[in-house]
Participant: 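I'd like to ask some things about the structure below.
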Amino acid sequence: MQEIVFEALRRSILDKDVVALATVVAGPGVGCQLLVWPGGQTLGDLGSPRLNQRAALYADRLIPDHKCGRKAFDREAQSVDVFFEVVAPPPKLVIVGAVHVAAHLLQFARELGFETVLVDPRSALLKQERFAGADRRIGTWPKEALLEAGIDDSTFVAVLSHDPKIDLPALESVLRSPARYIGVLGSKKSHQKRLATLQERGFSEEELGRLHAPIGLDLGGRRAQEIALAIAAQMVAVHHRRTGAPNDAD
Amino acid sequence: MMMRQLLEQIESWRSQGSAVALATVVEVWGSAPRPLGSKMAIRDDGEMAGSVSGGCVEAAVCQEAEMVLASGDAKLVRYGVADEDAWSLGLSCGGQIEVFIERLC
């Protein structure tokens, strides 16, 4: 990999931009590389302008789904194999509530490669040592804090405070956002009450149907670590569009 | 591990003046333990970060990487059950993978 390509790739990763890297892995020009950004801007060279152009078009199709792929192209009557990989920023987990479960969920999320944000208006709680691993800590009320955290379609939100004064405004902020996942801690009974309140406040059944509540997969554990694991496991399943059922299930 | 997660390690090795090779899974057949695009970085003294399999072909990739670092020529290598070396290294999952190995800069 040439210095100029590595440097641009490095910059994109640090700036949390999405970029596709195309590499000739077989045929003439092995090792030649081209970076392709969404919108078609490129850097590098695969060996011919026409190949660059076709590779850029192909990369553009892989970028939205962050997919990798290999494709053979013709270059002056010879076949060239190009490998494409999309380098995308990490998914983000926003945890609402600086509670015990949050400390453990932060650890799992970090290990799984999530960027982590912890939100709680009780800013004194946020300062605890056990939350030091969070990438960001925001000590304002949910509406403002979630705006600052930035919720996009790769953002996971875990609402854990168990205090309606915090949980409800957080849910009101994220229910109409493009968030990939919204989970809420609490029993089925408290969730029924929560649903009724949100319905009164104008949320539709479809909007409320997005909620994962009670949060997490059915692992049965009641300890904070176990609940955090159940939440992390559900996030992984959602990330890969799976249900979280056992592998031996029909 | 993908490029993003390896970046910190690569930068730290390069800042110490080490040469670094990158290995990427560019093809998988059958049940391979790591998905397409999985990466491993190899420092010139053989130190590794990341992985391209469940641990079965890393040592062989590391040897290839030494040659790539020396020559500067990128290389595509296939590992799988059909390959005696790979079998002895234990790619027992029954899959085959193709790994592209290149020198960084």
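Throughout, protein chains are lettered first and strands after them, A, B, ... in sequence-line order, and every chain is numbered starting at 1.
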Participant: How about CD on B/Glu47, more than 12 heavy atoms from neighbouring residues, nucleotides or ligands closer than 6.0 Å, or not?
Facilitator: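 Check passes, neighbour count above 12.
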Participant: Are there over 12 heavy-atom neighbours, none belonging to B/Asp45, within less than 6.0 Å of that residue's CG?
Facilitator: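 Buried by this count: over 12 neighbours within 6.0 Å.
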Participant: Which distance, rounded to the nearest 0.5 Å, do you find between the NZ of B/Lys39 and the CD of A/Glu85?
Facilitator: 3.5 Å
Participant: Can you confirm whether more than 12 heavy atoms, excluding those of A/Arg180, are under 6.0 Å from its CZ atom?
Facilitator: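 For A/Arg180, atom CZ is crowded (more than 12 foreign heavy atoms under 6.0 Å).
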Participant: Between atom CG of A/Leu9 and atom CE of B/Met3, what is the distance when rounded to the nearest 0.5 Å?
Facilitator: 5.0 Å
Participant: Could you give the distance from CZ (B/Arg14) to CZ (A/Phe6), rounded to the nearest 0.5 Å?
Facilitator: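 Answer rounded to 0.5 Å: 4.5 Å.
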Participant: Taking atom CD as the centre, does A/Gln2 end up with more than 12 heavy-atom neighbours from other residues, nucleotides or ligands that are less than 6.0 angstrom away?
Facilitator: no
Participant: Tell me whether the count of non-hydrogen atoms from other residues, nucleotides or ligands lying under 6.0 Å of CD in B/Gln16 goes above 12.
Facilitator: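 Enclosed.
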Participant: Tell me, side chain or backbone of A/Val24 under 4.5 Å from chain B's heavy atoms, or both, or neither?
Facilitator: backbone
Participant: Provide the closest heavy-atom pair for A/Phe83 versus B/Val25 in the form atom of the first, atom of the second, distance.
Facilitator: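 Taking every non-hydrogen atom into account, CZ-O, 3.5 Å.
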Participant: Between B/Glu102 and chain A, with a heavy-atom cut-off of 4.5 Å, which part of the residue counts as in contact: side chain, backbone, both or neither?
Facilitator: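 Contact with chain A: side chain only.
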Participant: Taking atom CD of B/Glu11 as the centre, does the number of heavy atoms from other residues, nucleotides or ligands within less than 6.0 Å exceed 12?
Facilitator: yes
Participant: Any idea which heavy atoms bring A/Gly31 and B/Ala74 closest together, and the distance?
Facilitator: CA-CB, 4.2 Å
Participant: Can you check whether A/Val87's main-chain N or O pairs, donor with acceptor, with B/Arg4's side chain at less than 3.5 Å?
Facilitator: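 No; judged by distance alone, with no hydrogens or angles, the pair does not exist.
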Participant: Other residues, nucleotides and ligands only: do more than 12 of their heavy atoms fall within 6.0 Å of CZ on A/Arg50?
Facilitator: no
Participant: For A/Ile4, I'd like to know if atom CD1 has over 12 heavy atoms of other residues, nucleotides or ligands within 6.0 Å.
Facilitator: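 12 or below, so no.
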Participant: Nearest 0.5 Å, what's the CD-CG distance between B/Glu98 and A/Asp81?
Facilitator: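 Here the interatomic distance stands at 8.0 Å.
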Participant: For the residue pair A/Cys68 and B/Gly37, what are the closest heavy atoms and their distance?
Facilitator: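 Looking at all heavy atoms of both residues, the shortest contact is SG-CA, 3.9 Å.
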Participant: With a 4.5 angstrom heavy-atom cut-off, is it the side chain or the backbone of A/Val25 that approaches chain B, or both, or neither?
Facilitator: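 Contact with chain B: backbone and side chain both.
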Participant: What part of A/Pro90 is in contact with chain B, defined as an atom under 4.5 angstrom from a non-hydrogen atom: side chain, backbone, both or neither?
Facilitator: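 Contact with chain B is through both the backbone and side chain of A/Pro90.
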Participant: Rounded to the nearest 0.5 Å, what separation is found between the CD1 atom of A/Ile13 and the CG atom of B/Leu6?
Facilitator: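 Rounded to the nearest 0.5 Å, the CD1-CG separation comes to 9.0 Å.
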Participant: A/Ser12 versus chain B, heavy atoms under 4.5 Å apart: side chain, backbone, both or neither?
Facilitator: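 Interface part for A/Ser12: neither.
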Participant: Can you find a heavy atom in the side chain of A/Arg10 that is under 4.5 Å from one in the side chain of B/Leu7?
Facilitator: yes
